[in-house]
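Only one structure is covered here, and it is reproduced in the block below.
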Amino acid sequence: MKKGINKSILFYIASVLFFIASAIGFTSGNESSMVIVWLCLGSSFLCLGSTHKKKENNTDDK
């Protein structure tokens, strides 16, 4: 097993931060198009984290 932090965890943390930023934007009444951008970025980072974790698990098995 590798030492250090996994990159997938960093993707997950970034996605949570994007989701928090979009929630703050929804509640504060900011421009809704920017909130949608933050929401899409959070979803894409969540997908990147899951695919990167799957790739890490596949390489650890070999």
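Position 1 is the first residue of the sequence, and the numbers go up from there.
- With sequence neighbours excluded, the residues satisfying ring-ring contact (aromatic ring centres under 6.0 Å, His included) with Phe18 are Trp38, Phe45.
- Using a 4.5 Å heavy-atom cutoff, the side chains of Tyr12 and Leu46 are in contact.
- Ser8 and His52 get closest at one heavy-atom pair: N-CD2, 3.6 Å.
- Under the 4.5 angstrom side-chain criterion for Ile, Leu, Val, Met, Phe, Trp and Tyr, the cluster partners of Ile24 are Val16, Ile20.
- With rounding to the nearest 0.5 Å, the separation of OG in Ser50 from CG in Leu48 is 8.0 Å.
- With sequence neighbours excluded, the residues satisfying side-chain contact (heavy atoms from CB on, under 4.5 Å) with Lys54 are Asn58.
- Phe19 and Ile13 end up in different hydrophobic clusters when Ile, Leu, Val, Met, Phe, Trp and Tyr side chains are linked at under 4.5 Å.
- With sequence neighbours excluded, no residue satisfies side chain to side chain donor-acceptor pair (under 3.5 Å) with Ser32.
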